[in-house]
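Being a predicted model, the structure only gives us computed values, none of them experimental. The chains referred to below are lettered A, B, ... by the order of the sequence lines, with proteins before strands, and numbering in each begins at 1.
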Number of protein chains: 2
Amino acid sequence: MMDEPRKTPTIQDVARAAQVSAATVSRVLSSPERVTEATRDRVTKAVEETGYTINQAARSLRMQRARTILTAMPGIGNPFYSTILDAVVTTATSRGYGVLVAGRLGDDPARWLSDYYQSNRADGLLLFDGFLETRKLHGITGANAQMPLVAAYDELPDPQINSVITDNLQAAERAVRHLYDLGHRRIGHISGPSRNTFPNERLVGFRKAMFEHRLEVREEWIVPGDYTMDSGLAAGRHFGGLAERPTAVFSANDEMAIGMLSALKTVGITCPRDISVIGFDDIGVAEHYAPPLTTMRQPRERIGRIATETLIGLLESEVRSREPVRVVLQSELVVRESTARLGSG
Amino acid sequence: MMDEPRKTPTIQDVARAAQVSAATVSRVLSSPERVTEATRDRVTKAVEETGYTINQAARSLRMQRARTILTAMPGIGNPFYSTILDAVVTTATSRGYGVLVAGRLGDDPARWLSDYYQSNRADGLLLFDGFLETRKLHGITGANAQMPLVAAYDELPDPQINSVITDNLQAAERAVRHLYDLGHRRIGHISGPSRNTFPNERLVGFRKAMFEHRLEVREEWIVPGDYTMDSGLAAGRHFGGLAERPTAVFSANDEMAIGMLSALKTVGITCPRDISVIGFDDIGVAEHYAPPLTTMRQPRERIGRIATETLIGLLESEVRSREPVRVVLQSELVVRESTARLGSG
DNA sequence: TGAATTCATGCAATCGATTGCATTGATCTT
DNA sequence: AAGATCAATGCAATCGATTGCATGAATTCA
């Protein structure tokens with residue numbers, strides 16, 4: 001018996017083995033109830049014997065659907081997004097969908113992404129990249145390429161597009177209230193980047209909460225960041241050099257909080273003795289940082305799962321409803337040791 | 001002018017617009033030199049006008065190649081792997097390949113993965129999961145499904161399969177030597193998990209280095225871990241409860257080092273005053289942890305890039321060489337503040 | 001029992017791109 | 001000038017699965 005490289009079996013091979021037509025095999029696979037039990041068994045057996053696997057390329061071509069979703073995120077290396085991606089993959093896989101990951105987007109992201117759709121590689125898009133301008137997005141949804149799309153990122157997505165988001169305003173208020181409740185009155189903020197026209201949502205929430213608590217907002221206590229540890233480091237240096245420092249800081253994400261603490265520590269300012277810090281996201285290290293970080297935990301796993309389910313639901317429903325889907329999730333305050341009662345140090 | 005949903009243009013549409021046959025359009029796209037400049041221009045123009053994108057499903061079906069690679073990793077949420085994935089996506093995209101991410105593997109991972117291959121969804125596999133047993137892997141490479149495969153993970157992969165790895169033995173020795181040079185003689189280790197038959201490589205390197213430096217290896221100073229922060233935490237508690245503690249610890253990865261420090265801090269043991277720690281990988285937070293972590297930096301970006309290039313090279317070479325490819329990269333010692341000269345605290 | 005209905009299955013067209021072979025016209029050779 | 005050579009292009013088969021329609025057998029009903 002030669003060990004020759006026999007090709008992978010096709011539906012025809014199965015049909016021959018089961019002594020039926022290819023059409024019947026196809027039916028057994030997709031709508032078994034339409035086939036007699038006897039033939040069904042014969043076919044099932046033949047499938048097993050031949051080791052048949054459906055050829056997705058052929059299937060996609062014929063059905064005009066790839067059973068694959070595309071994901072786009074600003075940086076997969078970022079632990080925040082990678083957790084979401086994990087949930088996306090798990091959910092999509094269990095529903096029989098593949099997950100493609102888009103690389104760094106070039107000059108024309110909309111075109112780049114919709115190419116995946118036009119070329120029949122992906123049926124829909126999960127967009128986790130808030131930096132992609134809404135304006136450019138219209139190239140994806142509008143025009144001739146109507147790629148189904150669910151956006152899931154921090155900042156307000158265009159209300160016209162389906163989205164799964166967390167309530168940043170409310171979360172920012174909770175964060176500030178937590179600091180307020182601990183007695184802090186001089187509160188600073190490291191903000192995320194603002195998009196073109198809109199100010200950063202967490203920054204807005206911060207201002208709103210400060211106003212509601214009748215606290216003074218000092219502009220020198222609001223430092224713009226870009227969600228990287230390095231920008232947190234810069235913010236830390238800024239606060240460290242100030243004559244009058246806030247007693248507590250709300251950072252728009254954990255990385256920047258960590259960067260800030262790292263910078264402050266080098267100039268002898270320790271947390272929570274000299275300054276309290278609350279972060280955002282609850283990334284993996286937050287719990288084990290020194291000190292363990294108080295933070296607003298985003299339900300990342302849920303974001304990923306729900307966004308995926310929403311998209312797949314969209315793909316599989318015949319009627320495309322006009323109303324965009326909007327899911328708003330809440331973040332959760334996780335109190336650890338980086339925030340302390342004022343003066344307790 | 002109606003805004004009716006015109007379908008995405010096919011090669012036939014382009015052919016009609018350019019007044020040539022579909023065959024010619026195809027040739028302009030794949031081997032332009034075989035076509036007159038005049039027709040080539042006409043076709044190029046027609047492609048632009050129609051906004052034509054090649055239908056990958058049809059192409060895959062005809063060519064029996066999907067221009068897509070599959071990646072499998074134990075946990076995408078893990079920052080170590082997500083950085084690698086980032087590099088993989090960037091590299092693959094620039095070479096015109098898509099990247100599919102496999103979900104959690106079920107009972108029969110080999111079967112599961114090779115299904116992607118048989119079903120013409122992926123042309124090859126990048127395997128970053130060392131926990132997948134080599135024995136099970138043979139189902140992927142052997143049998144009727146000869147899926148091209150490049151493995152890139154810590155532990156010794158089967159020498160028969162292509163791999164991109166780092167030299168763990170050497171790295172472990174460097175780590176121990178660093179501690180030794182700082183005057184440490186009582187050195188402990190938090191190890192990664194051992195695979196069935198083989199002991200963990202970094203553990204082996206640790207023992208080897210200890211032997212070479214003629215240092216005593218105390219079994220109670222070697223704590224098994226599983227690369228999670230929680231297992232580092234447990235290790236920290238273990239060390240904390242010991243009557244005689246090591247003065248320095250080599251942790252098989254950064255997360256466990258962080259977990260350990262976090263546990264030790266709660267019992268008043270601080271780093272580097274009371275204990276020095278060197279980690280492994282140089283994940284993002286290592287630099288900004290308190291204290292900043294000394295670590296063996298793995299060239300994650302290179303691992304991802306080289307593995308991808310190797311796999312694509314394999315896919316595109318006509319002849320499948322019998323000799324497996326093996327690339328061995330070196331890790332780099334990054335000295336920060338978690339390691340200090342003995343007695344300098 | 002014969003007509004009507006139902007049901008399982010097969011036939012063949014189709015999805016869109018690629019490519020071996022055939023054809024055409026131009027260029028070269030002697 | 002006639003045949004040989006070559007380059008550019010078209011024709012048509014092919015990849016493998018799905019599905020509307022046709023067929024024939026079995027079942028139901030009068």
Side-chain angles (χ1 to χ4, degrees), chain A residues 6-44 46-47 50-68 96 115-121 123 318, chain B residues 6-44 46-47 50-68 96 115-121 123 318:
Chain A
R6 63 198 128 118
K7 337 200 324 290
T8 68
T10 75
I11 201 171
Q12 321 289 344
D13 298 326
V14 177
R16 207 171 306 120
Q19 314 224 52
V20 294
S21 74
T24 301
V25 177
S26 175
R27 281 189 275 255
V28 169
L29 265 34
S30 52
S31 41
E33 74 284 357
R34 299 193 25 144
V35 170
T36 324
E37 188 168 346
T39 22
R40 199 191 312 154
D41 291 347
R42 281 219 315 289
V43 171
T44 313
V47 166
T50 52
Y52 169 70
T53 319
I54 209 159
N55 184 319
Q56 285 293 346
R59 181 172 225 256
S60 297
L61 174 59
R62 176 62 224 241
M63 305 194 74
Q64 307 283 38
R65 319 198 50 244
R67 300 212 115 228
T68 297
D115 263 10
Y116 273 89
Y117 181 63
Q118 280 209 27
S119 72
N120 209 321
R121 283 157 80 104
D123 303 326
E318 283 309 309
Chain B
R6 64 197 127 121
K7 336 201 325 290
T8 69
T10 74
I11 200 170
Q12 320 290 343
D13 299 326
V14 177
R16 207 170 307 120
Q19 315 227 50
V20 293
S21 74
T24 301
V25 177
S26 175
R27 278 188 278 255
V28 169
L29 264 34
S30 53
S31 41
E33 74 284 355
R34 298 192 27 150
V35 170
T36 323
E37 189 168 344
T39 19
R40 199 191 312 155
D41 291 347
R42 281 220 313 288
V43 170
T44 313
V47 166
T50 52
Y52 170 70
T53 318
I54 209 162
N55 184 318
Q56 285 293 345
R59 182 172 225 255
S60 296
L61 173 59
R62 176 62 225 240
M63 305 194 74
Q64 306 284 34
R65 321 197 50 244
R67 299 212 117 227
T68 296
D115 264 9
Y116 273 89
Y117 181 63
Q118 280 208 27
S119 71
N120 209 322
R121 283 158 80 103
D123 303 326
E318 283 309 309

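For the pair A:S60 and A:N120, the tightest heavy-atom approach, listed with the atom from each and the gap, is O-ND2, 3.9 Å. Taking each heavy atom of A:V43 and A:V14 in turn, the nearest pair found is O-CG1, 4.3 Å. In plain terms, the two heavy atoms of A:L61 and B:A58 that are nearest each other are CD1-CB, 3.7 Å.
Taking side-chain N and O atoms only, B:S60 has no distance below 4.0 Å to OP1 or OP2 of D:dC15.
Between the CZ atom in A:R16 and the OG atom in A:S21 there is a gap of 12.5 Å [rounded to 0.5 Å].
Rounded to whole Å, atom C1' of D:dC15 lies 15 Å from atom CG of A:N120. If you take CD of A:E33 and C1' of C:dT9, they are 15 Å apart, rounded to a whole angstrom.
The backbone N or O of A:A18 sits less than 3.5 Å from a side-chain atom of A:R42, completing a donor-acceptor pair.
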Report task. Could you encode protein contacts along nucleotides 16-22 of chain C as a string, one character per nucleotide from 5' to 3', using B for base contact, S for sugar-phosphate-only contact and - for no contact, with a heavy-atom cut-off of under 4.0 Å? Result -> BBBBB--
